[in-house]
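The analysis underlying the following values was restricted to heavy atoms, covering all of them including side chains, and did not include hydrogens, waters or symmetry mates. Just so you know, residue 1 is the first one in the sequence shown, and it goes up from there.
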Amino acid sequence: MKVGDRVRVKESVVVYTHPEHRNKPFDIKGLEGEVTGIISEWQGRPVSANLPIQVKFDKKFKKVHFREDELEIIP
């Protein structure tokens, strides 16, 4: 997986930050977005982030962090 890949959420992931469901649990399983970053270093030092993959869905629903096993690449 790399920056720019189109991905789909394949696992059930509940978020509370979706703009249309603010402060309420919302399952984003099946949503599609684009990988915008992979967190592997911070201020020039290597880090082991728990949720290293950053995905952007649309203009309203900004970025969400995921583990690699929660996503699948869309061909």
Side-chain angles (χ1 to χ4, degrees):
M1 198 170 299
K2 61 187 180 305
V3 174
D5 284 349
R6 294 281 305 159
V7 294
R8 179 181 303 118
V9 180
K10 69 176 183 177
E11 300 288 325
S12 179
V13 177
V14 176
V15 298
Y16 290 82
T17 58
H18 193 278
E20 295 173 9
H21 306 278
R22 181 71 71 197
N23 298 325
K24 296 179 183 156
F26 182 68
D27 190 359
I28 59 173
K29 182 177 180 177
L31 279 179
E32 297 178 3
E34 180 180 337
V35 176
T36 59
I38 299 177
I39 311 304
S40 60
E41 64 177 52
W42 183 70
Q43 294 184 348
R45 296 170 26 200
V47 296
S48 58
N50 293 335
L51 305 170
I53 301 172
Q54 234 179 11
V55 177
K56 181 177 180 184
F57 292 100
D58 59 24
K59 290 181 181 181
K60 289 183 180 181
F61 191 32
K62 301 289 182 182
K63 296 178 184 174
V64 180
H65 294 254
F66 293 95
R67 293 186 311 266
E68 191 167 349
D69 64 337
E70 296 174 324
L71 301 170
E72 64 184 352
I73 297 175
I74 300 172

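Across Thr17 and Arg22, no two heavy atoms sit closer than the pair O-NH1, 3.5 Å. Across Lys10 and Lys29, no two heavy atoms sit closer than the pair O-CE, 3.5 Å.
The CG atom of Asp27 sits 10.5 Å away from the CD atom of Glu11 when rounded to the nearest 0.5 Å.
Linking Ile, Leu, Val, Met, Phe, Trp and Tyr whenever their side-chain heavy atoms come within less than 4.5 Å puts Leu31 and Val15 in one cluster. By the criterion of side-chain heavy atoms lying less than 4.5 angstrom apart, applied directly or through intervening Ile, Leu, Val, Met, Phe, Trp or Tyr residues, Ile73 is grouped together with Phe57 in one hydrophobic cluster. In terms of hydrophobic clustering, with Ile, Leu, Val, Met, Phe, Trp and Tyr side chains grouped at heavy-atom distances under 4.5 Å, Phe66 and Met1 are assigned to a common cluster.
Applying the 6.0 Å contact sphere to NZ of Lys63 captures no more than 12 heavy atoms from other residues, nucleotides or ligands. Around atom CG of Asp69, more than 12 heavy atoms belonging to other residues, nucleotides or ligands sit under 6.0 Å away.
Contact of the Ile28 side chain with the Phe61 side chain is registered, since non-hydrogen atoms from C-beta on lie closer than 4.5 Å.
Note: Phe26 and His18 have tilted aromatic rings, judged against thresholds of 30 and 60 degrees for the angle between ring planes.
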What pairs of donor and acceptor atoms, side-chain ones from residues 33-43 against any protein atom, are under 3.5 angstrom apart with sequence neighbours left out?
residue	atom	partner	partner atom	Å
Thr36	OG1	Gln54	O	3.4

